[in-house]
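See structure below.
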Amino acid sequence: MLTLFNTLTGRQEAFEPIEPKKVRMYVCGVTVYDYCHIGHARSALVFDVLRRYLEYGGYAVTFVKNFTDVDDKIIKRANEQGISCDAVTAKYIQAYHEDMGKLGVKSATQEPKATEHIGDIIQLTEKLVAKGLAYTVDGDVYFAVSNYPHYGRLSKRRLEDLQAGARVEVDERKRHPMDFALWKRSKPGEPSWEGPWGPGRPGWHIECSAMSIRHLGETFDIHGGGMDLIFPHHENEIAQSCGATGKEFARYWIHNGFVQINQEKMSKSLGNFFTIREIFEKSEWSEEVTGEILRYFLLSTHYHGPLDFSDQALKEAKNALNGFYDLFHRLKETDGLAAAGDGRLTTAVQRVRKSFADAMDEDLNTSAAIAALQGLRSDVNKMIDKGLSNEERKQARQEFRSLGQVLGLFQSDTWQFNPTVPHAATNIGPGIPLSSQGKHSPTGAQSGPIATVSDSEIEVRIAERIDAKKRKDFKRADTIREELKSLGITIEDKPDGTSRWKR
RNA sequence: GGCGCCGUACCCAAGUGGUAAGGGAGCAGUCUGCAAAACUGCGAUGCAGCGGUUCGAACCCGCUCGGCGCCUCCA
């Protein structure tokens, strides 16, 4: 039974969808005016995993994730670059898909845009005006928080407390300082739509109410986003939606913690943020490997807590992941041993399935779920040491694949392990010069030169080394090993005289 | 001023009343021409500190110290 921490009630609760075996969930996406940073990645990943785990549990999930494509920041960016808002949003929506794709984040069922729901937004706003929950001033429409009795329910704030610390410029036209815009009269040159209150554009929060209601209905199961959205964004969404429909809006509110740098929140003002593409560009590993490292790293902590991003953390994730892929590589090989380790896999699999599900049921405890998979890794390695049949090897690999699928891990067939090099060198061509170039670490520190060397060049060297070994010229063999090691290449000799290597 | 989060070994990190998961790094051993991988063993008598409740607390209560977030756009 899945339990989730619900911000609305402040408790961990058993998850029960409105309709049996069907889940409708909405997650606040991004405002498309810039590239996504690692914090966006965490949020996207957390809800991607929630969605995957629900699907794993047999639920049919309708997953809606929006793009906010009309906003002050977009207008500002468009003016800065002298291009249209549409050009700005199109660019960053595409970038979003590229970046999230590299992280293995599945596309949502629906990915609506605010500008495609202006009609819905206007209707919702009219409804709120009609109910006396909103009022018009000079072509603007504001939500009247004082008229909505449950305001502050999600963020556990009282209006009186908010006023105390409010250092906002008091807009004299607003009835209450916390009243927020549903519809903003547009200034010349801004994106504008014809509305009942004159030409304007949607306010900051109304679009999510409009889009979620449109695609999921007035009441749905799960609404998620980053911690910082609790107030005011989600608080306002609840006020608008419940105010307009008179019904419950979303039942479970899930919020993920921040990615931090040195215990501090990443933010543009501190200049301590990293974009996803920047991390990929600077990574010394392949795109596929980097994506999985990031996923592993981001899931190695419970989603609710903070997570410190650093070079070292990434390196540790890489090392941990290596253990799994080393095992997967072993599982692909045959060693001629009698299958004395057979017969224990079923028990081990049953055990890991249970501990994995127990962990995930406990408010998506991915950290404990990964620990369960580490347990299976250890078990299977022991079985291989004793000798495992090809059939059980396949079963074991399949188990990692199917549980890993929930976390989006362990799907790769290649990773960094390369095919075994045969006994004799086959295609020795002209030597390809080993090139070396400096790489920057994600945190901007120089991590020393990391050499790049082509696969074929490595294989030539290894073939040469295998020849040397055959001639018992171990000195020469060790020289080659050391040479490649200094380039970050590790050689592993197998009992049958062949070798494999990895970066 | 209001609301809230966090502090577990060298590092990361589970655990929220029953006697400290897991990973990384390290050290030792087995194996190996050497190495890598794998396996085995070692590693917090203690969970920021001090009190309290309890047969029993990292987990509950109180206080203190330290770090952070939100209240303004923000994943």
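In what follows, every chain begins at residue 1, and chains take the letters A, B, ... in the order their sequences are listed.
Among the heavy atoms of the strands lying under 4.0 Å from A/Ala320 are primed sugar atoms or P, OP1, OP2 only; no base atom is included. Residue contacts shown for A/Asp385 are limited to sugar-phosphate atoms, with no base heavy atom under 4.0 Å away. Contacts of A/Gly39 with the nucleic acid, taken as non-hydrogen atoms under 4.0 Å apart, include base atoms. Counting any heavy atom pair closer than 4.0 Å across all strands shown, A/Thr31 reaches no nucleic acid atom. Residue-level contact check: A/Phe258 touches the bases, meaning some heavy atom is under 4.0 Å from a base atom. At a threshold of 4.0 angstrom between heavy atoms, the contacts of A/Val259 include nucleobase atoms, whether or not backbone atoms are also involved. Residue A/Lys73 is in sugar-phosphate contact alone, with no base atom involved, counting any heavy-atom pair closer than 4.0 Å across all strands shown. Across all strands shown, A/Asp71 has no heavy atoms under 4.0 Å from either base or sugar-phosphate atoms. A/Lys485 comes within contact range of no nucleotide atom at all, as no heavy-atom separation falls under 4.0 Å. Among the heavy atoms of the strands, none lies under 4.0 Å from A/Leu373. Across all strands shown, A/His255 has no heavy atoms under 4.0 Å from either base or sugar-phosphate atoms. Residue contacts shown for A/Asn319 are limited to sugar-phosphate atoms, with no base heavy atom under 4.0 Å away. At the heavy-atom level, A/Arg157 lies under 4.0 Å from base atoms of the strands shown. Counting any heavy atom pair closer than 4.0 Å across all strands shown, A/Phe231 reaches sugar-phosphate atoms only and no base atom.
Heavy-atom nearest nucleotides on RNA chain B were determined for A/Ser367 and for A/Asp379, and the one closer to the 5' end corresponds to A/Ser367. Mapped onto RNA chain B by nearest heavy atom, A/Gly375 and A/Gly29 fall at different nucleotides, with A/Gly375 at the one closer to the 5' end.
In this structure, A/Lys184 does not pair ionically with A/Glu190, as no charged nitrogen and carboxylate oxygen lie closer than 4.0 Å. The existence of a salt bridge linking A/Asp48 and A/Arg295 is confirmed by a sub-4.0 Å separation between a basic side-chain nitrogen and an acidic carboxylate oxygen. Contact check on A/Lys113 versus A/Glu207 returns no salt bridge, with no Lys/Arg side-chain nitrogen under 4.0 Å from an Asp/Glu carboxylate oxygen. A salt bridge is defined here as a Lys NZ or Arg NE, NH1 or NH2 lying under 4.0 Å from an Asp or Glu carboxylate O, and A/Glu235 with A/Arg153 fails to meet this definition.
Comparing the C1' positions of B/A13 and B/A58 gives an interatomic distance of 14 Å, to the nearest angstrom. Distance noted for atom C1' between B/G15 and B/A36: 35 Å (whole Å). Taking atom P on both nucleotides, B/A28 is separated from B/C65 by 45 Å, rounded to a whole Å. When the P atom is used for both B/A25 and B/C11, the distance is 16 Å, rounded to whole Å. B/A57 and B/U45 have their C1' atoms separated by 15 Å, given to the nearest Å. Comparing the P positions of B/A9 and B/U32 gives a spacing of 39 Å, expressed to the nearest Å. Between B/G7 and B/C47, the two C1' atoms lie 10 Å apart (nearest whole Å). Atom name C1', nucleotides B/G69 and B/A75: the rounded distance is 13 Å, in whole Å.
The separation between A/His304 atom NE2 and B/G69 atom C1' is 12 Å, rounded to whole Å. Across the protein-nucleic acid pair, A/Asp493 atom CG and B/A36 atom P stand 11 Å apart, rounded to whole Å. For the pair A/Met178 CE and B/C71 C1', the interatomic distance rounds to 7 Å; values are reported in whole Å. Per the geometry, NE2 belonging to A/His234 stands 10 Å off P belonging to B/A75, to the nearest Å. As rounded to whole Å, 20 Å separates atom P of B/C73 from atom CE of A/Met266. In this structure, NZ of A/Lys502 is placed 6 Å from P of B/A37, rounded to the nearest angstrom. A straight line from OH of A/Tyr303 to C1' of B/C5 spans 14 Å, rounded to a whole angstrom. Look at CD on A/Glu492: it is 19 Å from P on B/C31, rounded to the nearest Å.
Across all strands shown, B/G33 remains unpaired; no Watson-Crick or G-U wobble contact has both distances below 3.5 Å. Here B/C47 sits opposite no nucleotide as a Watson-Crick or G-U wobble pair (both hydrogen-bonding atom distances under 3.5 Å). Figure legend. B/U16 is base-paired to no nucleotide; pairs are counted as Watson-Crick or G-U wobble with both atom distances under 3.5 Å. In this structure, B/A28 forms a base pair with B/U40, meeting either the Watson-Crick or the G-U wobble geometry with both donor-acceptor distances under 3.5 Å. Using N1 to N3 plus N6-O4 or O6-N4 for Watson-Crick, or N1-O2 and O6-N3 for G-U wobble, each under 3.5 Å, B/C60 pairs with B/G52. Checking B/G4 for Watson-Crick or G-U wobble geometry (two distances, each under 3.5 Å) identifies B/C68 as its partner.
Side-chain atoms of A/His304 and A/His255 include no donor-acceptor pair closer than 3.5 Å. Residues A/Ser378 and A/Gln374 bring no donor and acceptor atom of their side chains to less than 3.5 Å of each other. Looking at A/Asp221 and A/Tyr26, their side chains never bring a donor and an acceptor atom within 3.5 Å of each other.
Nearest nucleotide to the side chain of A/Arg330, out of B/G15, B/G33, B/A38: B/A38. Among the nucleotides B/A75, B/G67, B/A14, the one closest to any side-chain atom of A/His302 is B/A14. Comparing B/C73, B/A75, B/C39 by their closest approach to the side chain of A/Pro232 singles out B/C73.
Looking at A/Asp478, its side chain comes within 3.5 Å of the base of B/G33 through a donor and an acceptor atom. Between the side chain of A/Arg481 and the base of B/C34, a donor-acceptor pair under 3.5 Å is found. At a cut-off of 3.5 angstrom, the base of B/C12 holds no donor-acceptor pair with the side chain of A/Asp308.
For A/Asn381 and B/C39, the shortest distance from a side-chain N or O to OP1 or OP2 is below 4.0 Å. Distances shown here put every side-chain N or O of A/Arg377 at or beyond 4.0 Å from the OP1 or OP2 atom of B/G22. Of the side-chain N and O atoms in A/Lys265, one or more sit less than 4.0 angstrom from OP1 or OP2 of B/C70. Side-chain nitrogen and oxygen atoms of A/Thr301 include at least one within less than 4.0 Å of the OP1 or OP2 phosphate oxygen of B/A13. Taking 4.0 angstrom as the limit, A/Lys494 places none of its side-chain polar atoms (N or O) nearer than this to OP1 or OP2 of B/U32.
A distance of 6.0 Å or more separates the ring centres of A/Tyr142 and A/Phe180.
Residue-environment remark: NZ (A/Lys106) exceeds the threshold of 12 foreign heavy atoms within 6.0 Å.
A cation-pi contact, defined as under 6.0 Å to the ring centre and within 45° of the axis, links A/Arg157 to A/Phe231.
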